[in-house]
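The block underneath contains the structure these notes are about, expressed in structure tokens.
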Amino acid sequence: MVPFVRVKEALQAPIGTDLTVNGWVRTRRDVGRISFAEVNDGSCLRNIQVVIEEGVVSEEQLSQITTGACISVKGTLVESPAPGQPVELKAHSISILGPADAATYPLSKKRHSFEYLREIAHLRLRSNTFGAMFRIRNTLSFAIHRFFQERGFIYVHTPIITTSDCEGAGAMFGVTTLDLMNLPRTPDGAVDYSQDFFGKPAYLTVSGQLEAEAFALAFTNVYTFGPTFRAENSNTPRHLAEFWMIEPEMAFCDLDGNRKLAEEFLKYLIATVLDECHEDLELFNKWIDDTVLSTLEHVLNSPFEHITYTEAIKLLQESGQSFEYPPRWGADIQTEHERYLTETLFKRPVVVTDYPKEIKAFYMRLNDDGKTVRAMDVLVPRIGEIIGGSQREERYEVLLQRIRELGLDERNYWWYLDLRRYGSAPHSGFGLGFERMMMFVTGMKNIRDVIPFPRTPGNAEF
RNA sequence: UCCCCGGUAGCUCAGUCGGCAGAGCGGGUGGCUGUUAACCACUAGGUCGCAGGUUCGAGUCCUGCCCGGGGAGCCA
């Protein structure tokens, strides 16, 4: 290939530079004997305006420079005589790398609905919104690693396939090599999983937490950042069957330390995107939600509120609001309650801690009152719950009793209990849904539009 | 999974009381000496989601199904 520069660099090159740019045509305008093509290569939101004067390309070539076509332009960067852009690329020669039939190309230069773009997820990446989206997603991903690496956390690859049907985080996808049309059976008619690939039922992971705990009890501070799967039939703008989750886990850390890390982490990510993605964020602020930038700056500069579940219920009961589900101690905090707390009452992120044990998972540390556990949820405006975490139960006897109380099979937890039997330590961690963070940062209303190729009930195209 | 709303041209939508299938954008053709979601003129383009039913006649009314959106539950 001919050496080329990215559009982002080309736009900053000195006037008079000869260079080659490769990219995809967003639009072409003909005015008299001169043509203008907007070319984008994904390096930044801005296009470079390519000026094609008469005679530079043949009539046939020009007819192929259409919206969607991929071209390579050799030219000189010049000052633009017209307002709209400081510089433009005066073409000397253009080669058509990949034409795009204008009559059938599904992306027009005009705006499309997100529902339609979702049906062409392989091409929506060439739109302004999704270009900005996935540059922000990239920046956020790198910032996540940088945050933990700067603090000495070890990155752990927890397994994707698991035989622990025990995490209590919801329905799981089965993983099998058995012939579904001809399942082996045990004498009593059940499926004989001893003949399956792993010799027992296996699933896609719903969380790397339990394995991360094992690593925290050897490396002190660790984190995971990987795909997670939930087979729930959830049809909402906030749920995916396949999503990415960040799960730090820290030894010698109680719930207070956990809460403080969560706040520091969220603010670090917000500061990073404000600093590094301002141009892309402005697109979302202009077209998607004009409160995005002000909300991010507000959250960055506000201390998070901290209340206990018991206090939250009291505040909700005394609020004078009419809720569809009246707040009651022992019942879960509903979506409408979360929104009231974070959007109306405090107008900033709220951390709720110490929930009744009955509505939380078995591994959360039991408080001395015997009724609540050291759980925390971080609620943010517009999204609701963005982080869920807890201090883990590190006491062998207490954990074993909780497993038995809930009717779980303790044999499935043998290695998890071992961690409490040998060198246990107080430890804590949380999970951040990456796509929920993306929604919060961009203001997008549907989680299917912040992940490259969304998987939801009935939909796994691409 | 439950409740509500929707599905009409490539896209976004209008279509009144059951009586000839419409617009804008996009596409094509032509015009225009610097455009900026260019502009002007002309033009092509339809299994009205699918299957039944009611009716002289259904995009319109009824039933079932499929798909999409919003809300709820579950959660991240």
Side-chain angles (χ1 to χ4, degrees), chain A residues 26-38 46-54 63 66-68 78-85 88 90 100-120 127-128 167-171 206-209 226-247 262 287 323-325 331-336 338-339 359-361 377-380 383-389 430-440 445-451 456-459 461:
Chain A
R26 287 292 173 78
T27 176
R28 192 192 88 212
R29 297 179 287 269
D30 300 329
V31 185
R33 295 189 173 80
I34 196 168
S35 291
F36 301 91
E38 299 283 344
R46 296 186 65 121
N47 307 320
I48 191 165
Q49 174 163 279
V50 173
V51 183
I52 310 163
E53 292 179 338
E54 191 178 25
S63 72
T66 58
T67 301
V78 299
E79 269 185 74
S80 182
Q85 60 285 313
E88 60 192 23
K90 186 180 172 185
D101 177 20
T104 58
Y105 185 64
L107 267 180
S108 82
K109 62 185 104 174
K110 299 294 174 83
R111 284 178 68 77
H112 290 296
S113 67
F114 289 121
E115 291 79 17
Y116 170 67
L117 290 171
R118 227 171 274 153
E119 295 169 10
I120 49 167
S127 68
N128 288 337
E167 288 153 12
V206 295
S207 164
Q209 180 200 314
T228 308
F229 308 88
R230 304 277 167 92
E232 248 116 34
N233 192 7
S234 294
N235 293 287
T236 86
R238 300 184 306 283
H239 291 86
L240 290 165
E242 177 183 294
F243 63 100
W244 288 66
M245 191 152 62
I246 300 101
E247 296 177 289
W287 296 103
F323 293 113
E324 192 182 342
Y325 296 89
D332 230 327
I333 294 180
Q334 302 288 317
T335 302
E336 57 177 340
E338 294 177 351
R339 296 193 68 139
I359 57 174
K360 289 293 178 182
D377 284 355
V378 180
L379 315 177
V380 296
I383 307 296
E385 185 185 342
I386 197 167
I387 281 178
F430 63 80
L432 170 73
F434 186 46
E435 283 74 20
R436 293 217 177 144
M437 186 64 191
M438 283 293 300
M439 291 173 76
F440 181 63
K445 307 279 183 295
N446 194 312
I447 201 167
R448 299 165 194 211
D449 298 324
V450 302
I451 190 168
T456 52
N459 195 339
E461 194 67 51

Problem set entry | Flag side-chain contact, heavy atom, 4.5 Å: A/Ile383 against A/Arg238 | no
Problem set entry | Results of side-chain contact (heavy atoms from CB on, under 4.5 Å) for A/Asn446 - residues two or more places apart only | A/Arg118, A/Pro237, A/Arg448, A/Asp449
Seminar exercise, completed: pair_partner(B/A37), Watson-Crick or wobble, both distances < 3.5 Å, evaluates to none
Exercise. B/C75 base to A/His239 side chain: any donor-acceptor pair below 3.5 Å?
Worked result: yes
Exercise. Does B/G6 have a Watson-Crick or wobble mate here (both distances under 3.5 Å), and if so which one?
Worked result: B/C67
Seminar exercise, completed: Hits for ring pair (Phe, Tyr, Trp, His ring centres under 6.0 Å) against A/Phe434, two or more places apart or cross-chain, chain-then-number order -> A/Phe225
For this session: Remember a base hit wins even if backbone is also touched, and classify A/Ile387 as base, sugar-phosphate or nothing at under 4.0 Å, heavy atoms.
Result: sugar-phosphate
Exercise. Among all residues two or more places apart in sequence or in another chain, which pass the ring pair (Phe, Tyr, Trp, His ring centres under 6.0 Å) test with A/His112?
Worked result: A/Tyr116
Seminar exercise, completed: Residue pair A/His112/A/Arg339 against RNA chain B: nearer the 5' end by closest nucleotide is A/His112
Exercise. For A/Met245, which residues count as a side-chain contact (heavy atoms from CB on, under 4.5 Å) partner, sequence neighbours excluded?
Worked result: A/Ser207, A/Thr228, A/Arg230, A/Phe243, A/Glu247
For this session: For nucleotides B/C50 and B/U8, find the distance between their P atoms and express it as a whole number of Å.
Result: 10 Å
For this session: Give one of base, sugar-phosphate or nothing for A/Tyr116, where a contact means two heavy atoms less than 4.0 Å apart.
Result: sugar-phosphate
Exercise. Is A/Lys110 touching bases, backbone alone, or none of the nucleic acid, heavy atoms closer than 4.0 Å?
Worked result: base
Problem set entry | Under-3.5 Å donor-acceptor pair between A/Ser108 side chain and B/C11 base | no
Exercise. When you compare B/A58 with B/C66, how far apart are their P atoms, in angstrom units rounded to a whole number?
Worked result: 26 Å
For this session: Go through the structure and list residues passing ring pair (Phe, Tyr, Trp, His ring centres under 6.0 Å) with A/Phe323, not counting sequence neighbours.
Result: A/His337, A/Tyr340
Exercise. According to the Watson-Crick and G-U wobble definitions, with both distances under 3.5 Å, which nucleotide is paired to B/A72?
Worked result: B/U1
Tabulated below should be each protein N or O lying under 3.5 Å from an N or O of nucleotides 64-69 of chain B; please produce it.
unit_1	atom_1	unit_2	atom_2	d
B/G69	OP1	A/Arg118	NH1	2.2
B/G69	OP2	A/Arg448	NH1	3.3

Problem set entry | Atom pair CZ/CD of A/Arg339 and A/Glu336 - distance to nearest 0.5 Å | 10.5 Å
Exercise. Taking the P atom of each, how far is B/G64 from B/G69, in whole Å?
Worked result: 23 Å
Seminar exercise, completed: B/S/- along nucleotides 28-36 of chain B (protein heavy atoms under 4.0 Å) is S---BBBBB
Seminar exercise, completed: Any strand, both distances under 3.5 Å, Watson-Crick or G-U wobble: B/C61 pairs with B/G53
For this session: Mind checking side chain to side chain donor-acceptor pair (under 3.5 Å) for A/Lys360 and listing every partner two or more places apart, or none if nothing turns up?
Result: A/Asp377
Exercise. Can you list the residues that meet the side chain to side chain donor-acceptor pair (under 3.5 Å) rule with A/Asn459, with sequence neighbours excluded?
Worked result: none
